[in-house]
Amino acid sequence: MNHITPTEAQALGKVGVLFGGRSAEREVSLMSGAGVLKALLSKGIDAHPFDTGLRTLAELAAEQFDRVFIALHGRFGEDGSLQGALEQLGIPYTGSGVMACAVGMDKIATKIVWLMHGLPTPQYAVLDNGADLAKVAAELGLPLIVKPPHEGSSIGITKVGAVEEFQAAYDIAAALDDSVLAEAFVTGRELTVAILGRGVNARALPIVEIVAPKGNYDYQNKYFTDDTQYFCPAVLEPALAAEVRRIAVEAYRTLGCEGWGRVDVLLRESDQKPFLLEANTSPGMTSHSLVPMAARAEGISYEDLCVEILRAARLKMAGSATPAAVQV
């Protein structure tokens with residue numbers, strides 16, 4: 001499906017790989033972008049790097065890319081702002097559109113949408129500077145998780161085991177965001193589901209289970225150590241695996257995601273009930289990243305995965321100046 005002939009590669013035109021950016025996840029994005037660029041070039045695609053953290057939108061327009069692969073993570077790349085600019089410029093792009101990216105980047109908005117659709121997600125509270133932290137701790141129970149709702153890659157997340165630790169955790173998250181999310185802690189297995197496609201054609205790749213040192217899957221353990229263990233496909237009863245994949249795909253669809261993405265799930269130890277944590281509309285593509293890992297388990301190489309994602313690049317808004325579709 002993803003093997004590409006020289007003619008097909010040429011038909012994709014001039015491709016920009018957008019990476020770097022200005023978010024707290026810049027370092028990860030640089031690694032993702034380097035991997036994607038190398039993969040596309042290996043397939044004979046006319047791919048070019050473009051660091052949105054160092055170059056302007058005017059320069060992006062001047063490059064006259066026929067389509068772009070978004071390898072950005074976090075704000076100004078995964079939150080809908082860049083997607084809106086690309087719609088204005090008429091440049092087809094990979095992944096989800098403006099609304100899905102904006103909602104998916106906001107963990108509070110994501111929870112609201114999921115709960116409206118009857119999908120399971122841990123109890124939560126939104127905190128501001130005047131919040132009664134002791135009351136929140138009593139309502140959600142301890143331990144709990146405190147996080148900035150607009151960051152990714154586990155940046156600014158703290159596990160609070162005692163009320164006395166709550167204020168410090170709040171301060172860490174508040175330094176990164178205008179609001180703070182407190183979430184009930186779910187004890188259990190940490191899973192993630194990579195998804196490709198859109199609408200009724202969206203499909204889940206094999207589930208990945210993450211076993212981090214001391215259960216701490218933080219920024220360092222995600223990208224820069226080899227101590228975290230990954231099991232793909234995760235060892236689950238077939239019916240349970242099917243249910244995890246089902247709710248992950250449903251979570252992806254309810255947000256309006258497309259192209260590709262990843263949904264993180266916690267499987268509660270006490271009753272094996274899955275809880276949705278968050279959606280990633282522009283997941284990592286580094287050597288430690290989970291979407292390429294899941295793809296490999298289904299027999300899709302990293303290079304072929306990049307081609308499949310790129311092929312689905314399009315403008316999402318009605319009335320956009322869409323170039324002629326490429327059939328490959």
For the residue pair [X] and [Y], establish whether any side-chain heavy-atom pair is separated by less than 4.5 Å.
X: L176; Y: I155; answer: yes
X: L60; Y: F50; answer: yes
X: F19; Y: M31; answer: no
X: E151; Y: R75; answer: yes
X: V211; Y: T228; answer: no
X: V17; Y: H48; answer: no
X: L181; Y: L127; answer: no
X: L205; Y: I195; answer: no

Is it the case that the side chain of [X] and the backbone of [Y] share a donor-acceptor pair, with hydrogens and angles ignored and the cut-off at 3.5 Å?
X: K147; Y: I145; value: no
X: W114; Y: A251; value: yes
X: S29; Y: E25; value: no
X: R253; Y: G199; value: yes
X: R296; Y: Y302; value: no

same_hphob_cluster([X], [Y]) at 4.5 Å side-chain heavy-atom cutoff:
X: I247; Y: V208; value: no
X: L144; Y: L266; value: no
X: V136; Y: V186; value: no
X: Y252; Y: L196; value: no
X: V265; Y: L267; value: yes

[X] and [Y]: which non-hydrogen atoms are nearest, and at how many Å?
X: L86; Y: L315; result: O-CD2, 3.7 Å
X: D51; Y: G20; result: OD1-CA, 3.6 Å
X: V160; Y: L142; result: O-CD2, 3.8 Å
X: L255; Y: T110; result: CD1-CG2, 4.1 Å
X: P92; Y: G90; result: CD-O, 3.5 Å
X: W260; Y: F69; result: CZ2-CE2, 4.2 Å

Can a side-chain donor-acceptor contact be found between [Y] and [X] if the only test is distance below 3.5 angstrom?
X: H150; Y: D106; answer: yes
X: Y93; Y: E87; answer: yes
X: S179; Y: D177; answer: no
X: S289; Y: T286; answer: yes
X: S32; Y: H73; answer: yes

Can you check side chain to side chain contact (heavy atoms under 4.5 Å, CB included) on T281 and C257, steps first, answer last? CA-CA 7 Å; T281 56; C257 298; 3.9 Å; yes

Roughly how far apart are [X] [atom1] and [Y] [atom2], rounded to 0.5 Å?
X: L140; Y: E183; atom1: CG; atom2: CD; answer: 9.0 Å
X: L40; Y: I45; atom1: CG; atom2: CD1; answer: 4.5 Å
X: M317; Y: Q83; atom1: CE; atom2: CD; answer: 9.5 Å
X: L54; Y: E59; atom1: CG; atom2: CD; answer: 9.5 Å
X: Q167; Y: I172; atom1: CD; atom2: CD1; answer: 11.0 Å
X: L12; Y: K43; atom1: CG; atom2: NZ; answer: 12.0 Å

Under the salt bridge (charged side-chain N to carboxylate O under 4.0 Å, His left out) criterion, do E308 and R311 qualify, and how do the steps go? CA-CA 5 Å; E308 179 168 349; R311 279 174 164 156; over 6 Å; no

Given the rule in the salt bridge (charged side-chain N to carboxylate O under 4.0 Å, His left out) test, do E165 and K159 qualify, once you have shown the distances and angles that lead to the verdict? CA-CA 9 Å; E165 301 168 1; K159 181 179 178 181; over 6 Å; no

Do Q10 and T5 pass the side chain to side chain contact (heavy atoms under 4.5 Å, CB included) test, and can you show the C-alpha distance, the side-chain angles, and the key distance before you say yes or no? CA-CA 9 Å; Q10 185 178 15; T5 68; over 6 Å; no

Salt bridge (charged side-chain N to carboxylate O under 4.0 Å, His left out) assessment of E209 paired with R189: CA-CA 7 Å; E209 179 173 8; R189 297 166 70 180; 2.7 Å; yes

Would the number of heavy atoms belonging to other residues, nucleotides or ligands and lying under 6.0 Å from [atom1] of [X] be above 12?
X: E269; atom1: CD; value: no
X: K14; atom1: NZ; value: yes
X: D178; atom1: CG; value: no
X: R22; atom1: CZ; value: no

Tell me, please, which residues at least two apart from K107 pass salt bridge (Lys or Arg N to Asp or Glu O under 4.0 Å).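 In terms of salt bridge (Lys or Arg N to Asp or Glu O under 4.0 Å), with neighbours along the sequence ignored, K107 is linked to no residue.
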
Can you check side chain to side chain contact (heavy atoms under 4.5 Å, CB included) on F166 and V146, steps first, answer last? CA-CA 8 Å; F166 206 160; V146 178; 3.5 Å; yes

Could you tell me which residues satisfy side chain to side chain contact (heavy atoms under 4.5 Å, CB included) with A241, sequence neighbours excluded, listed by chain and number?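 Side chain to side chain contact (heavy atoms under 4.5 Å, CB included) list for A241, sorted by chain: I207, L236, R245.
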
According to side chain to side chain donor-acceptor pair (under 3.5 Å), does anything in residues 121-134 pair up with another residue at least two apart or in another chain? List the pairs.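 Pairs touching residues 121-134 that pass the test: K111-T121.
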
Show, in sequence, the C-alpha distance, side-chain angles and deciding distance for S42 and E303, and conclude whether the side chain to side chain contact (heavy atoms under 4.5 Å, CB included) test is met. CA-CA 8 Å; S42 77; E303 294 78 11; 3.5 Å; yes

